[in-house]
Number of protein chains: 4
Amino acid sequence: MRPAPERRREILDTAAEVFAAQGYDATTVRRIADAAGLLAGSLYYHFDSKESMLDEILRAFLDELWARYDAVLAAVLGPRETLEALVTESFREIDRHRAAVAIYQKESRHLREQPRFGYLAGSQRRFEQAWLRTLERGVAAGVFRTDLDVRLTYRFVRDTVWVAASWYRPGGQHSPEEIARQYLSMVLEGVALRDGHRTYG
Amino acid sequence: MRPAPERRREILDTAAEVFAAQGYDATTVRRIADAAGLLAGSLYYHFDSKESMLDEILRAFLDELWARYDAVLAAVLGPRETLEALVTESFREIDRHRAAVAIYQKESRHLREQPRFGYLAGSQRRFEQAWLRTLERGVAAGVFRTDLDVRLTYRFVRDTVWVAASWYRPGGQHSPEEIARQYLSMVLEGVALRDGHRTYG
Amino acid sequence: MRPAPERRREILDTAAEVFAAQGYDATTVRRIADAAGLLAGSLYYHFDSKESMLDEILRAFLDELWARYDAVLAAVLGPRETLEALVTESFREIDRHRAAVAIYQKESRHLREQPRFGYLAGSQRRFEQAWLRTLERGVAAGVFRTDLDVRLTYRFVRDTVWVAASWYRPGGQHSPEEIARQYLSMVLEGVALRDGHRTYG
Amino acid sequence: MRPAPERRREILDTAAEVFAAQGYDATTVRRIADAAGLLAGSLYYHFDSKESMLDEILRAFLDELWARYDAVLAAVLGPRETLEALVTESFREIDRHRAAVAIYQKESRHLREQPRFGYLAGSQRRFEQAWLRTLERGVAAGVFRTDLDVRLTYRFVRDTVWVAASWYRPGGQHSPEEIARQYLSMVLEGVALRDGHRTYG
DNA sequence: AATGAATGAGTGTTCATTCAT
DNA sequence: AATGAATGAACACTCATTCAT
């Protein structure tokens, strides 16, 4: 009568993969059960509901993400270094929990209207604040350009980072650090070649 | 009071809004009918199925998009100008058909595995070719940097452009052209401030 | 504002064909309308309901059939001659109203439980009486065999005659009279060859 | 209490009764469920669809029927004896699977146009061949009359046998063998009384 | 006479969930 | 821990019918 937490993990990882591949609503509980090697009804020994699987997946992802982000923000770095660290941690998170990030990216917008998933909105607000503050600090410090709309820039950066979860495959050609480096190079220096262009990294 | 095709349009636009807001699978046909002011069964006087509404929405979007893209590609521009024009047309398309773009962005990955939506894969291949060729031309011409992975750059650019459909609101603060300008400025010149930095636009 | 009874007839004949081919329940009102060259809603200018089309088809068939049967029964013939005449009239009716007979054969069993179609049960009772009386008269007169169960014989004969509506095609190889002759020959004389076998007809 | 396949059988038998009584199209899945003592949705735990229930019913009937027919045809009997055996087996089959035969009789004509039920057409062809060959052998051997159209005779015989499923009630007054005997007597010897008439059986 | 658009009840089917074993 | 059978609400869709024009 011990809970066997490993089986839970296994099932949850399977569920995350399926949710990411087909979308939460389009995924049947039976599909998850098939992929996990048991019958649909048996899932309810481990979990309350399909929704609570989703909840657990998203919470685990956000908890881990914020642990890393908070560490970055606690270490008082310059704005450019903060930006680099946040982007790098984001790509590392995609590497570790690709499925969870893809689900978050696809579903969080409409999930956050349900009370149960209100924490998604809270998380997003903190997320936005951290990024905006970093960008603003950079502008104030003369490190980032002054002529760009900070909110627009934030959105571009945020989206590009997370949407990478939809094509990234762990163990592929590029390490998360390499992807982060290339991405940062593009965002910071631009793709246009100019005299005296400084290669990044 | 004969001009009936307008009703189709109305319903289709409504459906697109709902699909975009809640996701295709999570949207019930009753929800669409409610929003359009008729009963669920009555939708079937105008459309074969829920799926064929989705199909029509996506086809209309892609048809219009490709008309614009083809015009850009037919005018033989330099690589930088091509990139600017493609991005600008993309943001204009988001301005015109925000809902359709949001649906495309959210659903096309798993839809394109169904035979009926095979054209999504075809469109995406052409899309990829147009962008890669433009980037490669720019690298060859010494206009774009040589040290960036072209495929990665393509993915970053593609995603950021389309994902904007999820937050863009027509008639808001920024015109699509303004958003395109800011985005291009970021991507081409970078956000980092340097000596002799050239303001874009 | 005259009713144009020809159009009614046309539509009713079309409906009968479709009912006969696909079954009453499996036939949609739209299918009938398509075949008759108008829209589904327009049928209701001519008829109250799908059910009243069926009703009218069956009543017309039974009215005509009983006119002929009554004529046969009124002419006081010998039992063998009566049987021959009833069978012949039945095949003629199939020739004239094949579709109606096929519908009657297929649907009357469960229709007659509905109050509206109670007359089907009444008709069937009269039908049964006419046949049983004829067979019994023949047995009493020493014209038909005494060792056969009269009710069983009745059922065999009744079924075979009507079920012919499902394969008979007007204008085909055999006239209704020829089919009746062959059928009567089989039923009266049997298919087995014996000494002194009398060829029928 | 593991032996579950019985439940399938139970439900299938119930479905067959309802299909036979009301017609396949007029039968709702809820009606079957009511009669079987569960909810409509629960049927889908056991069967893929309403259509696959029908399919299973018809296949089981035809499989059994052909097993018997093949046994008769394999034993090389004279034409008269073959005809007697086929008719007897047919009435026995009606006794065993009355509902299935009634469904077959009522629905097979239009079902066989659907690909899924193509085997009905195949079966009917074999059926026709077996009967025609038997009748022709009898004519050639001087056992059956030469002046009757063999195809017409086949149709009369075929229809009368199968249509009996619509009135036959198992456990009633007559055993299937008794019905077969009476029917064969009528078909072989005729109902007309003649000098030296040979009583059958 | 007929159309076009709609209704509303009902259909087959799906699916998250429950529960005795 | 897991199964097998079932539930019940919801779903996409159908269809006979209505009615203003």
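In what follows, every heavy atom counts, from backbone to side chain, and hydrogens, waters and symmetry copies are set aside. Because the structure is predicted, anything quoted here is derived from the model rather than measured. Protein chains get the first letters and strands the later ones, always in sequence-line order, with residue 1 at the start of each.
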Rounded to whole Å, please give me the gap between CG in B:Leu38 and P in F:dA12. 15 Å

Rounded to whole Å, please give me the gap between CZ in A:Phe19 and C1' in E:dA16. 11 Å

Which sits closer to the 5' end of DNA chain E, D:Glu51 or B:Ala40, going by the nucleotide each is nearest to? B:Ala40

Short side-chain N/O contact from D:Ser42 to OP1 or OP2 of F:dT7, under 4.0 Å: yes

Give the rounded distance in Å between these two atoms: CD of A:Glu10 and P of F:dA2. 9 Å

Does this structure show an ion pair linking C:Arg98 with C:Glu93, if we count only N-O contacts that are shorter than 4.0 Å? no

If we ignore hydrogens and angles and just use 3.5 Å, is the side chain of B:Arg8 paired with the main-chain N or O of B:His46 as donor and acceptor? yes

Contiguous pairing runs of three or more, Watson-Crick or G-U under 3.5 Å, that involve DNA chain F: E:2-21 with F:2-21

Inspect the contact between A:Glu56 and A:Arg59 and indicate whether a charged nitrogen and a carboxylate oxygen are less than 4.0 angstrom apart. no

Is there a side-chain polar atom (N or O) of A:Arg7 under 4.0 Å from OP1 or OP2 of F:dA2? yes

In this structure, how many angstroms lie between the P atom of E:dG12 and the CG atom of D:Leu39, rounded? 15 Å

Does C:Arg109 form a side-chain contact (heavy atoms from CB on, under 4.5 Å) with D:Ser166? I'd like the steps, not just the answer. CA-CA 9 Å; C:Arg109 179 158 274 99; D:Ser166 66; 3.5 Å; yes

Look at the side chain of B:His46 and decide which nucleotide, out of E:dA16, E:dA6, F:dA1, has an atom nearest to it. E:dA6

Does a side-chain N or O of A:Ser49 approach OP1 or OP2 of E:dA16 to a distance below 4.0 Å, or not? no

Here the distance between atom P of E:dA20 and atom OH of A:Tyr44, to the nearest Å, is 17 Å

May I ask you to say what C:Val29 touches in the nucleic acid, namely base, sugar-phosphate or nothing, with a heavy-atom cut-off under 4.0 Å? base

Which is more 5' along DNA chain F, the nucleotide nearest B:Arg30 or the one nearest A:Ile11? Just name the residue. A:Ile11

Heavy atoms under 4.0 Å, any strand shown: does D:Thr27 hit a base, just sugar-phosphate, or nothing? sugar-phosphate

Which comes earlier along DNA chain F counting from the 5' end, the contact point of B:Thr28 or that of C:Asp25, where each point is its nearest nucleotide? B:Thr28

With a 3.5 Å distance limit and no angle check, can you tell me whether A:Glu107 reaches the backbone of A:Tyr24 through a side-chain donor-acceptor pair? yes

Interatomic distance, B:Leu43 CG vs E:dT7 C1' [rounded to whole Å]: 12 Å

Could you give me the CA-CA distance, side-chain angles and deciding distance for C:Asp25 and C:His110, then say whether side-chain contact (heavy atoms from CB on, under 4.5 Å) is met? CA-CA 12 Å; C:Asp25 287 289; C:His110 72 268; 4.1 Å; yes

Between CG of B:Leu54 and P of F:dC13 the distance, given in whole Å, is 12 Å

Let me know the distance between OH of B:Tyr45 and C1' of E:dA6, rounded to the nearest Å. 9 Å

Does atom CZ of A:Arg116 have more than 12 heavy-atom neighbours from other groups under 6.0 Å away? yes

